[in-house]
Amino acid sequence: MGKTIVEKILGRASGKENVSAGEIVNAKISFLMTNDAVGELTVKAFEELGTEVWDRERVAVILDHFVPATTENAARVHSLLRAFAKKNGTHLLDQEGVCHQVMIEKFVVPGDVVIGTDSHTCTYGGIGAFATGIGSTDGAAAMATGELWFKVPETINIELSGTLKEHVYPKDVILKIIGDLGADGATYKALQFSGKSAKTITNAGRFTMCNMAIEAGAKVGIFEPDEITQKFLKERGKEDGGEFFESDLDAEYCDFIPINLQEIEPKIACPWSVDNVKPVAEVEGIEINQAFAGSCTNGRLEDLEVVAKILKGKKVNPDIRFLIAPASRKVYQQALKAGFINVFLEAGVTVCNPSCSACFGGQGTLWKDEVCIGSHNRNFRARMGHKDSKVYLASPETVAVSAITGKITDPRRLKK
Amino acid sequence: MAVIHGKVWKFGDNIDTDIIIPARYLILPIEEAKEKAMEPIRPSFSKEFEKSGIIIAGRNFGCGSSREQAPAVLRALGVSAIVAKTFARIFFRNTINLGIPAIECKEACDKIEEGEEIEIEPETGKIKLLKQAITLQGSKLPPFLLEIIKDGGLIPHLKKRLIIGV
């Protein structure tokens, strides 16, 4: 019986020739990431062990959630993490962008086993790495040993066919998949995006889709790396990096889901759960107070380009505020060079520093009964602010179009 | 391992980590953050909760973020065990790593009432409903996870192993 990409990566990392779903393996870690949302717990647990970092070159501490500090507690945590990184000689990425964007820009290569103390670590599956979120204590243990135990997950094979229609994006595809699977439909499992049409999805689109695998409970989301991945690596000067694994033709899957991209319409996740997915057309007209484009889900250059195209020569609705946070300093610079930032400013957007920003209410916090539409990944109750505020999740284009009209709007409507 | 005895505090399906501890409180020290536990749906929870109480919940408890502050604030309030129909993966691992038994039981949420007194045997997964005089069978944790719980969590467990050298 053949092997899935996930079985192959975990097999190599655990030094075994043959591992299969269900088996528990002790895998060597390629890279460990922690950030300022949970770093204090990680560092404290690690220091309790009274040992050294297993490999300082393979550990990154990233300050991205509460940056720049606006409270004393944030300043306290940042100070503690900076001191930790300095003392232990680990990488420190201080206000460089959302941890996951920084990780894929700087460190991760295909075939890696990467863990991060943040659930959206699964983003890196976009280039064929096995990457998953863990807690602080597991992070501390791995920081000391360079290893972690994993139950090798079963894989759901999502076979993509057809071509996306205009105004439909990878975000709409993953929202549809989460809506179909439910918030726990892939718990403990891997989501593998395969099929001919997987090869037509850009790196940014792949990151978006893998990023949200966790919203169906999945351990990882993963694409088989290919020429598109190669291009991404080349842009980063890492063309020789990593190992390209792919699933065997006779690999065993626990489920098979065919998705015809042609049939997908613009989608939106409604409050207060990411699996509460509807066609945008069904909820059109709901008035919004805020729009947000950014995050590790949809804050990349390609996403900002979509938004800039919509906003060019137009104004954000005067009754709402539109926040845009480029996913990293690099993305910010590229957007600046491409003229997107100027388009945003002319349109009346508040351009935020590269960070997690409004995604978790770090900026753009909502008050009672306020409504936000965002390109990010979670619309849980009270995440962005008041318990009686509401958040809708959609593609960057749907967000941008809605920011102009001031209400949730189907992006196909604007060009008519 | 001792039998856990406590009063039940009940929650529904898909209780996510932003309910257990909203993201903006992650920056607070745990002793302050614990006051905010479950705030979005039950603001008085941290005040009402009685130490050594047991949480009973529905499907997918702890879904969402990997934040270990979620089980950490529950531990700080004195939660002695969590029983759910199912757990989200990362939350389950974090809970065990902090030394709290996390037991899956399909019937518990439907059969057990808020405020009821129950007893849990972590080794066997048996859940005794004292007043109703019935016993439910929950999931049995594998021995290596029970060892972590017995030692009070992964860090004390690893420290013990480092010292003893096993």
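Remember, predicted model here, so these are calculated numbers, not experimental data. Residue numbers start from 1 in every chain, and the chains themselves are labelled A, B, ... in the order their sequence lines are given, proteins ahead of strands.
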Need one label for B:Phe144: side chain, backbone, both or neither, based on atoms under 4.5 Å from any heavy atom in chain A.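 For B:Phe144, side-chain heavy atoms alone lie under 4.5 Å from chain A.
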Pick one of side chain, backbone, both or neither for B:Pro71, based on which atoms fall under 4.5 Å of a heavy atom in chain A.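 No part of B:Pro71 comes within 4.5 Å of chain A.
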Heavy-atom proximity to chain B below 4.5 Å, by part of [X]:
{"X": "A:Asp36", "answer": "backbone"}
{"X": "A:Ala218", "answer": "backbone"}
{"X": "A:Leu80", "answer": "neither"}
{"X": "A:Phe66", "answer": "side chain"}
{"X": "A:Ala140", "answer": "side chain"}

If I take atom CZ from residue B:Arg67 and atom CG from residue A:Asp118, how far apart are they, to the nearest 0.5 angstrom?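 Answer for the CZ-CG pair, B:Arg67 versus A:Asp118, is 9.0 Å.
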A:Arg76 CZ to B:Leu28 CG distance, which is reported to the nearest 0.5 Å: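 If I round to the nearest 0.5 Å, the distance is 8.0 Å.
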Is a side-chain N or O of [X] found less than 3.5 angstrom from the main chain of [Y], in a donor-acceptor match?
{"X": "B:Glu68", "Y": "A:Thr137", "answer": "yes"}
{"X": "B:Arg24", "Y": "A:Ala382", "answer": "yes"}
{"X": "B:Gln69", "Y": "A:Leu41", "answer": "no"}

Can you find a pair of side-chain heavy atoms, one from A:Glu48 and one from B:Lys159, that are under 4.5 Å apart?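 When only atoms from C-beta onward are counted, B:Lys159 and A:Glu48 do touch, with a gap below 4.5 Å.
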Is there side-chain contact between A:Arg383 and B:Asp16, with heavy atoms separated by less than 4.5 Å?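 The answer is no; the side chains never approach within 4.5 Å.
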So which of [options] has the biggest tally of heavy-atom pairs under 4.5 Å with chain A?
{"options": "B:Ile30, B:Leu26, B:Asn14, B:Thr17", "value": "B:Leu26"}
{"options": "B:Ser65, B:Pro22, B:Pro156", "value": "B:Ser65"}
{"options": "B:Gly153, B:Cys63, B:Pro29", "value": "B:Pro29"}

Take a 6.0 Å sphere around CD of B:Glu114 and say whether it holds more than 12 heavy atoms from other residues, nucleotides or ligands.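 Yes, enclosed.
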Tell me, yes or no, whether the heavy-atom count around A:Glu52 atom CD, taken from other residues, nucleotides or ligands under 6.0 Å, exceeds 12.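 Counting neighbours around CD of A:Glu52, 12 or fewer heavy atoms of other residues, nucleotides or ligands fall under 6.0 Å, so no.
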So which atom in [X] and which in [Y] form the shortest heavy-atom distance, rounded to 0.1 Å?
{"X": "A:Phe360", "Y": "B:Ala23", "result": "CD1-CB, 3.4 Å"}
{"X": "B:Ser66", "Y": "A:Ser119", "result": "OG-N, 3.3 Å"}
{"X": "B:Asn60", "Y": "A:Thr187", "result": "OD1-OG1, 4.3 Å"}

Taking every heavy-atom pair that is under 4.5 Å apart, which of [options] has the most such pairs with chain B?
{"options": "A:Lys151, A:Arg381, A:Lys219, A:His386", "value": "A:Lys219"}
{"options": "A:Leu49, A:Ile134, A:Asp138, A:Val38", "value": "A:Asp138"}
{"options": "A:Gly361, A:Gly39, A:Gly362, A:Ala183", "value": "A:Ala183"}

By number, which residues in residues 86-96 of chain B have some heavy atom less than 4.5 Å away from chain A?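 Those residues of residues 86-96 of chain B which have a heavy atom under 4.5 Å from chain A are B:Thr86, B:Phe87, B:Arg89, B:Ile90, B:Phe92, B:Arg93, B:Asn94.
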Listed by residue number, which members of residues 41-58 of chain B have a heavy atom under 4.5 Å from any heavy atom of chain A?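 Within residues 41-58 of chain B, the residues that come under 4.5 Å of chain A (heavy atoms only) are B:Ile41.
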